[in-house]
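See structure below.
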Amino acid sequence: MTITFHNTLARKKEAFTPLESGKVRMYCCGITVYDYCHLGHARTCLIWDVARRYLQWRGYDVTYIQNFTDIDDKILNRARKEGITMEEVSERFIAAYFEDMKRLGIGEADVYPRATHTLDGIKRLVTELEEKGYAYPSQGDVYYQVRQFKQYGQLSGRKLEDMQAGASGRVAVESAEDTKKKDPFDFALWKASKPGEPAWESPWGSGRPGWHIECSAMVRDRLGETIDIHVGGSDLVFPHHENEIAQSEAVTGKPLARYWMHNGMVRVNGEKMSKSLGNFTTIRDLLDGKWWFPNQTPRDKPIEPMAIRLFVLQAHYRKPLDFTEDALEAAANGWQTLKEGLLFGDKYGKQLNWDNLDILATGTNLWAERFTAIIDDDLNFAGGLAVLFEIAKELRKEGNIIVHEGKTETDSLQLYHQWRSLVELAEVLGFTVEPEAESEATEGLSDADIETLIQKRTEARKAKDFAESDRIRDELSAQGITLIDQPGGVTKWHR
RNA sequence: GCAUCGGUAGCCAAGAGGUUGAAGGCGGGAGCCUGCAAAGCUCUUAUUCGUGGGUUCGACUCCCACCCGAUGCUCCA
């Protein structure tokens with residue numbers, strides 16, 4: 001079976017073959033650390049982490065790298081405002097990043113390079129670009145000469161002439177930077193530092209790297225000249241990734257990445273969720289229940305991490321995803337279904353005598369086969385989830401039958417394999433559940449207390465004293481106990 | 001304006017030239033059970049895939065035009 005990916009570069013799906021058999025080198029453009037992460041960042045991190053998990057599950061040895069941009073005007077602005085250093089700002093938000101991602105159950109990358117740790121590689125790259133005639137210094141800055149790189153625009157599908165025509169209306173105001181450029185399309189590889197700004201020594205004077213160059217340098221340092229998969233948000237296609245290609249390929253003469261993949265944006269009220277629009281909801285606010293929509297009163301509704309995962313994974317990664325309360329609620333409810341399926345073994349395994357089962361290695365797993373075939377096709381996680389739901393729903397039903405009837409007719413071994421399949425496949429997508437979470441300690445009423453109350457209620461019902469019987473039912477229900485009145489006056493219960 | 005990606009049931013959302021029953025989730029409805037509920041269980045919820053043309057024996061799926069939306073062309077996941 002072949003895995004296919006939609007390659008932004010080719011603008012179509014292509015069969016995936018890694019450069020080196022069995023190994024995948026993958027780079028994800030990370031975040032600029034000047035604020036807390038929002039749902040949009042979560043989507044990107046989640047999707048590509050799951051992509052990596054999936055490739056691992058499919059047998060690949062994956063090296064996954066994600067960077068932190070820790071040199072940037074926005075970080076600098078924040079540092080100035082707070083009267084601290086740029087480093088202090090970035091350290092704080094890197095720490096916050098790890099906290100948030102951990103809470104969401106997103107796995108860690110193998111390495112998290114930072115711009116500040118990559119200066120040698122950056123300077124080397126700029127020097128080489130200069131030597132090869134792709135870069136020129138100008139008043140302490142160094143610029144990339146876009147017109148030198150004839151393939152410029154290949155990733156984003158644009159031509160310089162078109163851009164010029166389109167931009168002519170709005171680029172009326174020339175910034176100071178523009179006067180240093182030979183051509184408006186040129187972009188900075190290195191910027192001279194202004195007084196009081198963090199700066200690094202370089203052959204071009206003291207300064208700091210431009211934004212795009214760090215990724216080129218990190219990829220080269222950590223993964224080599226050509227990697228398998230380069231991913232990021234679709235808003236990075238141009239100019240960021242286009243410029244990365246121009247920088248790296250001008251030097252190496254080799255493709256920077258064989259597959260470029262981009263995830264769609266999260267939207268709010270039809271607009272992209274973004275820092276600059278101010279319509280973002282941070283991950284921690286969502287998890288802590290302190291979130292709201294623009295012009296609305298704040299919610300006090302913590303969202304479970306796994307519900308966020310479901311919300312994200314139910315949409316195809318390339319499509320935009322609307323952030324609405326309804327969608328979030330649907331995901332939260334959907335997660336309950338999945339969760340009940342995942343807990344099936346913990347709740348009923350004993351009763352089904354699984355400990356004494358003669359468990360043989362299963363041959364073909366039809367669910368896993370379907371799951372794989374679906375996701376192999378350009379990471380169709382939503383399609384894969386449908387398989388999970390089918391299994392989870394059946395298990396939930398079996399669980400309910402056991403609770404209501406005390407037993408099930410379904411074969412115990414079959415249920416075991418079904419449950420194992422669900423757990424395994426769910427794990428590939430990062431869905432996990434803690435069994436402890438469900439076993440609410442026997443605080444409050446003891447089983448005996450409950451039985452006594454139910455007995456009282458049964459008597460009241462016999463006497464047609466429904467006011468009293470309903471009162472007892474309400475009392476128990478307030479304790480989280482559900483009564484099941486069955487034919488023949490039998491009442492079962494469960495917490 | 002140019003480029004790119006979309007428009008599938010009440011909502012979210014897969015899929016894809018041939019019968020495919022157009023997945024799945026959420027929500028809703030009906031029945032069974034119950035004193036009534038709840039919890040369950042069963043059944044049900046798009047003759048149709050933005051609009052209009054075309055290609056084809058056949059299109060939701062391919063092509064063209066149009067309408068609508070998003071993103072990028074400035075920092076952005």
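Note on naming: letters A, B, ... go to the chains in the order of the sequence lines (proteins, then strands), and numbering restarts at 1 for each one.
The side chain of K397(A) sits closest to C41(B) out of U71(B), G24(B), C41(B). For R473(A), the side-chain atoms get nearest to G35(B) when compared with the rest of G25(B), G35(B), C75(B). Ranking G35(B), A13(B), U42(B) by closeness to the A382(A) side chain, first place goes to A13(B). Comparing atom distances between the A315(A) side chain and each of A23(B), A14(B), A77(B) picks out A14(B) as nearest. The side chain of H494(A) approaches A39(B) more closely than any other nucleotide in the set C36(B), A39(B), A77(B). Distances were taken from every side-chain heavy atom of R318(A) (C-beta onward) to each of G25(B), C36(B), G6(B); the shortest belongs to G6(B). Of the listed nucleotides (A70(B), A77(B), U34(B)), U34(B) has the atom at the smallest distance from the side chain of P487(A). Looking at the side chain of R11(A), the nearest of the listed nucleotides C73(B), U4(B), A77(B) is U4(B). The listed nucleotides are C73(B), G69(B), G35(B); the one nearest the side chain of F238(A) is C73(B). Of the candidates G15(B), C26(B), A77(B), the closest approach to any side-chain atom of A330(A) belongs to C26(B).
The interatomic distance linking F466(A) (CZ) with U34(B) (P) rounds to 13 Å, in whole Å. Atom C1' of nucleotide C75(B) and atom NE2 of H241(A) are separated by 14 Å, given to the nearest angstrom. Atom CZ of R78(A) and atom C1' of C75(B) are 16 Å apart (whole Å). Atom pair M265(A):CE and C75(B):C1' shows a separation of 13 Å (rounding to whole Å applied). Put simply, CD1 on I454(A) is 13 Å from C1' on A38(B), counting in whole angstrom units. One interatomic measurement links the two molecules: NE2 of H240(A) to C1' of C75(B), which rounds to 12 Å at whole-angstrom precision. Rounded to a whole Å, the CG atom of N243(A) is 13 Å from the C1' atom of C75(B). When rounded to the nearest whole Å, the span between CZ of R457(A) and C1' of C36(B) equals 10 Å.
Within 3.5 Å, a donor on the side chain of D485(A) pairs with an acceptor on the base of A37(B), or the reverse.
Within residues 227-235 of chain A, the residues that have a heavy atom under 4.0 Å from RNA chain B are, in order of number, G232(A), G233(A), D235(A).
Nucleotides G24(B) and C63(B) place their P atoms 29 Å apart, quoted to the nearest Å. A37(B) sits 48 Å from G18(B) when the P atoms are compared, rounded to a whole Å. When the C1' atom is used for both G35(B) and A22(B), the distance is 45 Å, rounded to whole Å. Here, G54(B) and A59(B) have their C1' atoms 12 Å apart, quoted to the whole Å. Rounded to whole Å, the P atom of C62(B) lies 30 Å from the corresponding atom of C26(B). If you take atom P in U44(B) and the same atom in A77(B), they sit 47 Å apart, rounded to whole Å. Rounded to the nearest Å, the gap between the C1' atom of C5(B) and that of C41(B) is 44 Å. To the nearest whole angstrom, the two P atoms, one in A65(B) and one in C2(B), are 12 Å apart.
In this structure, C62(B) and G54(B) make a Watson-Crick or G-U wobble pair, each of the two defining distances being under 3.5 angstrom. Base pairing annotation: C5(B) forms a Watson-Crick or G-U wobble pair with G69(B), both donor-acceptor distances under 3.5 Å. Base pairing analysis places C33(B) opposite nothing; no Watson-Crick or G-U wobble pair with both distances below 3.5 Å involves it. The nucleotide G27(B) finds its pairing partner in U45(B), both defining distances of the Watson-Crick or G-U wobble pair being shorter than 3.5 Å. Across all strands shown, U74(B) remains unpaired; no Watson-Crick or G-U wobble contact has both distances below 3.5 Å.
Residue T337(A) places no side-chain N or O under 4.0 Å from the OP1 or OP2 atom of G25(B). Within the structure, every side-chain polar atom (N or O) of K319(A) is placed at least 4.0 Å from both OP1 and OP2 of U71(B). Checking the phosphate oxygens (OP1, OP2) of C26(B), a side-chain nitrogen or oxygen of K393(A) falls inside 4.0 Å. When the side-chain nitrogen and oxygen atoms of N333(A) are compared with OP1 and OP2 of G27(B), one or more of them lie within a distance under 4.0 Å. Neither OP1 nor OP2 of G40(B) sits under 4.0 Å from any side-chain N or O of H404(A). Under 4.0 angstrom from either OP1 or OP2 of A77(B) there lies at least one side-chain N or O belonging to T32(A).
Note: H230(A) and Y259(A) fail the aromatic proximity criterion, with ring centroids not under 6.0 Å apart. Taking the ring centroids of W48(A) and Y54(A), they lie at or beyond the 6.0 Å cut-off. Note: Y36(A) and Y97(A) fail the aromatic proximity criterion, with ring centroids not under 6.0 Å apart. Ring to ring, Y112(A) and F98(A) are close: their centroids are under 6.0 angstrom apart. If you look at H262(A) and H241(A), their ring centroids are closer than 6.0 Å. Taking the ring centroids of F5(A) and Y317(A), they lie at or beyond the 6.0 Å cut-off.
Map N380(A) and L236(A) each onto its nearest nucleotide of RNA chain B; the residue landing nearer the 5' end is N380(A). Comparing D377(A) and A331(A) by the nucleotide of RNA chain B whose heavy atom lies nearest to each, the residue mapping closer to the 5' end is D377(A).
For H41(A) (side chain) and C37(A) (main-chain N/O), no donor-acceptor pair under 3.5 Å exists by modelled atom type.
Of the charged side-chain nitrogens involved, at least one lies within less than 4.0 Å of a carboxylate oxygen, so that E99(A) and R284(A) count as a salt-bridged pair. Ion pairing between a basic and an acidic side chain is recognised when a charged N comes within 4.0 Å of a carboxylate O; D186(A) and K180(A) show no such pairing.
When heavy atoms are screened at a 4.0 angstrom cut-off, T482(A) is found touching the sugar-phosphate backbone but no base atom. Here I374(A) lies out of heavy-atom contact (under 4.0 Å) with every strand. Using a 4.0 Å heavy-atom criterion, one finds that G30(A) contacts the sugar-phosphate atoms exclusively. Nucleic acid contact for E271(A): sugar-phosphate only, since backbone atoms but no base atoms lie under 4.0 Å from a heavy atom of the residue.
In this structure, K407(A) and I402(A) have side chains that are not in contact, with every pair of non-hydrogen atoms separated by 4.5 Å or more. The shortest side-chain heavy-atom distance between I450(A) and R495(A) falls under the 4.5 Å cut-off.
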